[in-house]
Amino acid sequence: MSFPFREGMALRFPGPPPARADVVVVGGGIVGVMTAWHLAAQGLRVVVCEKGRVAAEQSGRNWGWIRQQGRDPAELPVMIESLGLWKALAQEIDGLGFRQSGVMYLARTPREMADFEGWMIHARAHGLDTVLLTRAEVEVRLGRAGGWTGGLRTASDCRAEPWAALPLIAARAVERGVRIVEGCAVRGLDRAAGRVAGVVTEAGRIAAEAVVVAGGAWSRLFLGNEGVAIPQLAVLASAAATVPLPEVFAGNTADAGFAFRRRADGGYTVAPGATHDFFIGPAVFASLRPFLPVLRKDWRHTRFHAAAPRGWPDAWTTPRRWSVDRVSPFERLRILDPAPNMRALAAVQDAFARAFPAIGRPALAAAWGGMIDTMPDVVPVVDAAPVPGLWIATGMSGHGFGIGPGFGRVMADLVAGRAPGHDLSRFRLSRFTDGTRIAPGPSL
């Protein structure tokens with residue numbers, strides 16, 4: 001079995017797009033859909049244009065964690081709000097797979113426990129129910145075979161089923177007045193007098209006073225063609241679903257080697273805990289300086305590849321400039337569907353078997369890869385662009401599924417001219433050009 005969202009699947013939201021809207025959202029991931037949800041709630045006409053299928057890329061391929069634990073301190077207030085929004089969504093929409101079953105991080109070394117202890121200052125500042133776990137407390141939950149020396153747990157954290165949840169949320173957004181059009185690539189902006197006047201799609205022009213770019217791993221390519229530079233790169237994360245197995249823990253769990261999350265079908269979503277694959281392309285050379293701090297910190301967890309496959313956002317042959325009257329890169333590759341790193345997933349199977357010998361090496365029912373849009377400091381850009389009427393919500397750095405509803409609300413209020421309710425200074429675009437020291441957040 002392979003990942004369920006493929007390019008050949010039928011359109012659920014076929015359009016056509018309207019000729020006019022108040023706001024166009026580029027990208028049908030969780031942040032784009034929830035931005036549209038909240039804009040429509042304010043009475044604005046909003047259309048989401050998705051080049052492929054809703055949830056077909058990283059918003060449908062992630063681990064399904066909805067966590068406060070381990071967040072960058074600047075993200076925590078938005079994440080706490082987002083958790084409340086997830087609870088409201090689960091009450092309104094059946095089938096999201098939403099469960100409040102907790103998140104637990106596991107340590108094998110004193111250094112890892114020290115990192116957990118250091119994050120507790122943020123948990124206490126925000127009134128979270130996060131607690132440190134001793135070796136004995138971990139063994140009560142997971143047994144001794146894993147060899148863990150302690151842990152960190154937030155019982156109020158949650159999970160959902162990504163590939164089920166987002167399409168259901170999108171369908172409810174449509175019922176609330178949002179227009180969603182799949183198979184409709186936005187080729188570029190339409191401008192008048194130096195500001196946004198709409199977008200040009202493969203299906204024609206949509207007039208609009210505001211455009212939100214929430215294109216995930218494609219955002220840098222789109223914005224670059226509009227003269228807006230962002231230091232965003234993308235890394236490949238691999239994941240798999242096991243066959244149904246006995247329950248060893250109901251929540252979400254990870255150590256440095258592997259992660260697992262109980263699924264609604266009785267299996268587990270499993271993945272490498274910290275490792276990922278990076279494909280070298282032109283963007284890495286343009287963004288090398290701001291990424292140096294995180295590269296120094298994480299290079300041992302990264303497998304480097306010389307070049308990305310043809311058509312990927314940062315492939316050597318992918319055009320960086322194109323005209324809106326020509327076919328764009330977004331039409332040439334509708335769904336970014338990378339092959340998973342099966343060697344890394346085999347190591348995860350081995351680690352699972354060592355930790356839980358009574359279950360043994362789990363058989364995999366499905367495996368998939370996804371491209372995570374990441375920023376040098378591992379927090380997103382949520383801000384106005386230097387083009388009037390253009391807004392950016394991208395670079396969620398693997399955290400977007402859980403925090404997407406919150407940042408969707410924030411972005412909707414920014415676009416509508418309302419106070420966002422949170423300090424967004426850490427997420428401003430100008431931090432990469434105004435001399436700010438780029439400091440990666442907690443790598444928990």
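All values derive from a computational prediction rather than experimental measurement. As a basis for the values below, the full set of heavy atoms in this structure was taken, side chains included, without hydrogen atoms, waters or symmetry mates.
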Once rounded to the nearest 0.5 Å, what's the spacing between atom OG of S82 and atom CD of E75?
10.5 Å
Closest heavy-atom pair and its distance - A208, V24
CB-CG2, 3.8 Å
Which residue pairs satisfy the salt bridge (Lys or Arg N to Asp or Glu O under 4.0 Å) criterion with at least one member in residues 203-228, sequence neighbours excluded?
D190-R205, R191-E226
Heavy-atom closest pair, residues N225 and W322
OD1-N, 3.1 Å
With salt bridge (charged side-chain N to carboxylate O under 4.0 Å, His left out) as the test, pick out the partner of E202 among R334, R332, R187.
R334
The residue among F98, W86, W163, F407 that forms ring-ring contact (aromatic ring centres under 6.0 Å, His included) with F401 is W86
For the pair H305 and D277, evaluate side chain to side chain donor-acceptor pair (under 3.5 Å) and give the outcome as yes or no after the intermediate values.
CA-CA 7 Å; H305 303 265; D277 292 78; 2.7 Å; yes
Atom of V181, atom of P14 and distance for their closest heavy-atom approach
CG1-O, 4.0 Å
Can you list the steps and then say if R159 with S101 is a side chain to side chain donor-acceptor pair (under 3.5 Å)?
CA-CA 7 Å; R159 70 178 199 250; S101 50; 3.0 Å; yes
To the nearest 0.5 Å, how far apart are CD1 in I403 and CD1 in I66?
12.0 Å
Taking all atoms of both residues into account, what is the closest heavy-atom pair of P440 and V378, and its distance?
CB-CG2, 4.2 Å
The test is side chain to side chain contact (heavy atoms under 4.5 Å, CB included); show your working for R179 and V46 and say whether it passes.
CA-CA 6 Å; R179 295 283 293 274; V46 56; over 6 Å; no
Could you go through E331 and R326, starting from their C-alpha distance and side-chain angles, then the distance that decides it, and tell me whether this counts as salt bridge (charged side-chain N to carboxylate O under 4.0 Å, His left out)?
CA-CA 10 Å; E331 296 151 80; R326 301 287 181 89; over 6 Å; no
Considering only heavy atoms from C-beta outward, does the side chain of I121 approach that of P73 to under 4.5 Å?
no
Audit row: S238, L345, side chain to side chain contact (heavy atoms under 4.5 Å, CB included) steps and yes/no:
CA-CA 7 Å; S238 300; L345 290 174; 4.2 Å; yes
Check the side chains of T253 and R261 for a donor-acceptor pair under 3.5 angstrom, ignoring hydrogens and angles.
no
May I have all residue pairs that pass salt bridge (Lys or Arg N to Asp or Glu O under 4.0 Å) and include part of residues 387-397, sequence neighbours excluded?
none
Sorted by first residue and then second, give each side-chain hydrogen bond (donor to acceptor under 3.5 Å, both in side chains) pair with at least one member in residues 14-27; sequence neighbours left out.
D22-R45
Hey, mind stepping through V211 and V23 against side chain to side chain contact (heavy atoms under 4.5 Å, CB included) and telling me if it holds?
CA-CA 6 Å; V211 173; V23 184; over 6 Å; no
Look at the aromatic rings of F330 and W218 and report parallel, tilted or perpendicular, splitting at 30° and 60°.
perpendicular
Measure the CE-CG distance between M79 and L85 for me, rounded to the nearest 0.5 Å.
9.5 Å
Cut-off 3.5 Å, side chains only: do E81 and H422 have a donor facing an acceptor?
yes
Please report the closest heavy-atom contact between M120 and T130, naming both atoms and the distance.
CE-O, 3.3 Å
Inspect the contact between R99 and E161 and indicate whether a charged nitrogen and a carboxylate oxygen are less than 4.0 angstrom apart.
no
Could you tell me whether the side chain of R409 and the main chain of P420 form a donor-acceptor pair under 3.5 Å?
yes
Contact summary for R426 and D377, nearest pair of heavy atoms:
NH2-O, 3.7 Å
Please determine if R262 forms a cation-pi arrangement with Y268, meaning its NZ or CZ atom is less than 6.0 Å from the six-membered ring centre and no more than 45° off the ring axis.
yes
I'd like to know if E92 and R172 make a salt bridge, using a cut-off of under 4.0 Å between side-chain N and carboxylate O.
yes
Determine, step by step, whether D157 and Q69 satisfy the side chain to side chain donor-acceptor pair (under 3.5 Å) criterion, reporting the C-alpha distance in whole Å, the side-chain angles of both residues, the deciding distance to 0.1 Å, and the verdict.
CA-CA 7 Å; D157 281 347; Q69 182 168 294; 5.7 Å; no
Step by step, work out the side chain to side chain donor-acceptor pair (under 3.5 Å) result for S156 and Q68.
CA-CA 8 Å; S156 58; Q68 304 157 102; 3.1 Å; yes
Consider only side-chain N and O atoms of T318 and R310, and report whether a donor and an acceptor are under 3.5 Å apart.
no
State whether the number of non-hydrogen atoms from other residues, nucleotides or ligands found under 6.0 Å of R320 atom CZ is greater than 12.
yes
CZ (R289) and CZ (F285) are apart, to the nearest 0.5 Å, by 15.5 Å
Sidechain N-carboxylate O distance under 4.0 Å for R111, E117:
no
Check the pair I180 / E50 against side chain to side chain contact (heavy atoms under 4.5 Å, CB included), numbers first and verdict last.
CA-CA 8 Å; I180 298 178; E50 167 53 52; 5.5 Å; no
Hey, does R303 have a side-chain heavy atom less than 4.5 Å from the side chain of T275?
yes
Sole residue of V235, L236, D314 in side chain to side chain contact (heavy atoms under 4.5 Å, CB included) with F279:
L236
Spatial distance of atom CZ (R176) from atom CG (L39) [nearest 0.5 Å]
13.0 Å
Please report the interatomic distance CD(Q58) to CE(M371), rounded to the nearest 0.5 Å.
9.0 Å
Would you say D255's side chain and F258's backbone share a donor-acceptor pair under 3.5 angstrom?
yes
